[in-house]
Number of protein chains: 2
Amino acid sequence: MLSAGLPEGAMPKLERPGPLRERVYEALLELITTRALRPGQHLVESELAQHLGVSRQPVREALQRLNTDGWVDLRPAQGAFVHEPTEEEADQLLTVRTLLEAEAARLAALNAKAEGIADLEALCRRGEAAVGGDEVETVVEANAAFHARVMGLAGNAVLAELARQVDRRVRWYYTPVARQRGAQSWIEHRELIAAIADGDGERATAVMREHTEHTRRSYHERPRS
Amino acid sequence: MLSAGLPEGAMPKLERPGPLRERVYEALLELITTRALRPGQHLVESELAQHLGVSRQPVREALQRLNTDGWVDLRPAQGAFVHEPTEEEADQLLTVRTLLEAEAARLAALNAKAEGIADLEALCRRGEAAVGGDEVETVVEANAAFHARVMGLAGNAVLAELARQVDRRVRWYYTPVARQRGAQSWIEHRELIAAIADGDGERATAVMREHTEHTRRSYHERPRS
DNA sequence: ACTCCGTAGACTGTATCCAATAGCCAGAAC
DNA sequence: GTTCTGGCTATTGGATACAGTCTACGGAGT
């Protein structure tokens, strides 16, 4: 018990690196989402280990998790390959996302307090500013943050965990085409905030469903690379 | 290319054990779901390894996956503990399950062919027979098989994967109280089949939602152990 | 009664070693 | 010339050993 009157925030909270496998996981995920490792590419444990400056063990464990999370395909006795998304899979993913996000919006509308609403508005402003700056990376990130906050307001940890996984992959597929849907997306976010602020679960669901379905359609209409 | 006229089914398909970590994962999951390993119990890698007759390596990887799937809690530098479900978490899980299953029912109604309907009826008969026999284990399994088949008819692999994880945990929480909801559950299954056979997505959704909400309520009304 | 270590138990990460397997290619058989 | 076989290689899968570090527990001292 800190008997001395140390202010809580003053503790430097000395940086705990966390398990190495986690950091390797994040590092590889970063490389995949940024397209530094391209879909279909063969990942060799020993190469990755050497490149990251760790032993094979943490790399193996990270690859296993990436496999179960759908980021890489682990072919037995041959190695790991960066997952290649198919048209059908992307569509299914976006469908599920619509489902999860719509439910989250409904729950958020029922649970949200004034503080949460304020957070959403702040995030919305940040997103709109990013759209003005035309930086795709920042826009996508702000969008993810906004949706994550809505999910947080829903107060369902299980739902949030599923959505986290799904959203991250959606973000991967979607980033290349995010530019198209700039300003319109944030107008819809405003509508969503209004519905949540009114505590209107039905409307929040409808708005969110409409919003994510827009995203889904704009994915299918994307320019082929 | 099998030029000889070997019948496809004749190949014994010699048993491939598959990766050891998978088998360890399944073995541990079996031990957890059957309550041989009780919630809160401390799992020591070396003990498990010795007990299963493998080295620590596969055990570690299996524990990691069990951790990400929510079956065990991995406390740093201390070890793995069988997850202890809380009231709130069970409720959230059942809520999410309702969401996923309802969507699956809708999609199944839109996609199902005659063959799928027949499968559902067969599974339903099997379940009803099990209820008659009053064997909780068999009933729960038949129930899982039925829901899994509905999910298969929905034809959304991503949705199915999420539901598989959620359902397995729901099953864990729910098994102790499954006895209460015997016959009624299968009557509702019949209704669901009818809705799917009619291709009525709205009704299928409603029936499934009602069905899983029944389950949720009966969970909360369960006798405390 | 409270605090302060000391120690044991357990995980984390590293380094090797060996076995099994998929893919590939060269070469023999027809 | 085509096909099949056999071996070679790269890589993973699994086992084992070992050092470092963290946690919790308990006993000694105040």
Side-chain angles (χ1 to χ4, degrees), chain A residues 1-4 6 11-28 32 37 40-69 71-84, chain B residues 1-6 11-28 32 37-38 40-69 71-84:
Chain A
M1 201 40 99
L2 291 172
S3 51
L6 292 179
M11 297 291 276
K13 223 165 195 173
L14 51 90
E15 185 176 349
R16 286 216 285 182
L20 199 49
R21 56 172 176 276
E22 294 295 331
R23 284 186 289 167
V24 172
Y25 175 88
E26 294 296 337
L28 290 178
I32 291 174
L37 298 175
Q41 185 169 345
H42 185 189
L43 303 179
V44 179
E45 288 180 359
S46 42
E47 287 181 7
L48 294 177
Q50 191 173 0
H51 194 271
L52 294 174
V54 299
S55 76
R56 267 178 62 201
Q57 182 85 338
V59 174
R60 270 175 75 170
E61 290 169 357
L63 285 177
Q64 313 257 348
R65 234 187 101 192
L66 288 169
N67 178 43
T68 67
D69 290 353
W71 292 100
V72 306
D73 299 321
L74 221 46
R75 286 190 247 171
Q78 188 174 1
F81 296 79
V82 179
H83 181 70
E84 300 190 64
Chain B
M1 201 41 102
L2 292 171
S3 51
L6 291 177
M11 296 291 277
K13 224 161 193 174
L14 51 90
E15 184 177 348
R16 287 216 279 180
L20 200 48
R21 57 172 177 276
E22 292 297 329
R23 284 187 288 168
V24 173
Y25 175 88
E26 293 297 336
L28 290 178
I32 292 174
L37 299 174
R38 287 164 313 182
Q41 184 168 345
H42 185 189
L43 303 179
V44 179
E45 287 180 0
S46 43
E47 289 180 5
L48 294 177
Q50 191 173 1
H51 194 272
L52 295 173
V54 299
S55 80
R56 274 179 46 211
Q57 181 87 338
V59 175
R60 257 176 89 167
E61 290 168 357
L63 286 176
Q64 314 242 344
R65 236 187 97 190
L66 288 168
N67 179 42
T68 67
D69 290 353
W71 292 99
V72 307
D73 299 321
L74 222 45
R75 287 189 246 169
Q78 188 173 3
F81 295 80
V82 180
H83 181 71
E84 300 190 65

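Reminder, nothing fancy here: chain letters follow the sequence lines and each chain counts from 1.
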Exercise. In terms of side-chain heavy atoms of B:L20, which of D:dA15, C:dG13, C:dC11 is nearest?
Worked result: D:dA15
Seminar exercise, completed: Regarding the side chain of B:E45, the nearest nucleotide among C:dC11, D:dT11, D:dT16 is C:dC11
Spacing between [X] atom [atom1] and [N] atom [atom2], to the nearest angstrom:
{"X": "B:R23", "N": "D:dG13", "atom1": "CZ", "atom2": "P", "value": "14 Å"}
{"X": "A:Q57", "N": "C:dT12", "atom1": "CD", "atom2": "C1'", "value": "9 Å"}
{"X": "B:E61", "N": "D:dT12", "atom1": "CD", "atom2": "C1'", "value": "11 Å"}
{"X": "A:L74", "N": "C:dA22", "atom1": "CG", "atom2": "P", "value": "14 Å"}
{"X": "A:L63", "N": "D:dT11", "atom1": "CG", "atom2": "P", "value": "14 Å"}
{"X": "A:H42", "N": "D:dA10", "atom1": "NE2", "atom2": "C1'", "value": "9 Å"}

Exercise. Hey, is the side chain of A:R56 poking within less than 4.0 Å of OP1 or OP2 on C:dT14, counting only N and O atoms?
Worked result: no
Exercise. OP1, OP2 of C:dT12 versus side-chain N and O of A:R21: anything below 4.0 Å?
Worked result: yes
For this session: Kindly compute the distance separating OH (B:Y25) from CZ (B:R65), expressed to the nearest 0.5 Å.
Result: 4.5 Å
Problem set entry | Donor-acceptor contact below 3.5 Å, side chain A:H42 vs main chain A:Q78 | yes
Seminar exercise, completed: Judged by nearest nucleotide, the residue sitting upstream toward the 5' end of DNA chain C, A:A77 or B:R60, is B:R60
For this session: List the atom of A:E84, the atom of A:G40, and the distance in Å for their closest heavy-atom pair.
Result: CG-N, 3.4 Å
Seminar exercise, completed: Minimal heavy-atom distance between A:V59 and A:E45, with the atoms involved, is CG1-O, 4.0 Å
Exercise. Any donor-acceptor pair under 3.5 Å joining the side chain of A:R75 to the base of C:dG23?
Worked result: no
Exercise. Looking across every strand, which nucleic acid part, if any, lies under 4.0 Å from A:Q78 by heavy atom: base, sugar-phosphate, or nothing?
Worked result: sugar-phosphate
For this session: Identify whether any heavy atom of B:L43 sits under 4.0 Å from a base atom; if not, whether one sits that close to sugar-phosphate; answer base, sugar-phosphate or nothing.
Result: sugar-phosphate
Exercise. Just by distance, with hydrogens left out, do B:Q57 and B:R21 show a side-chain donor and acceptor under 3.5 Å apart?
Worked result: no
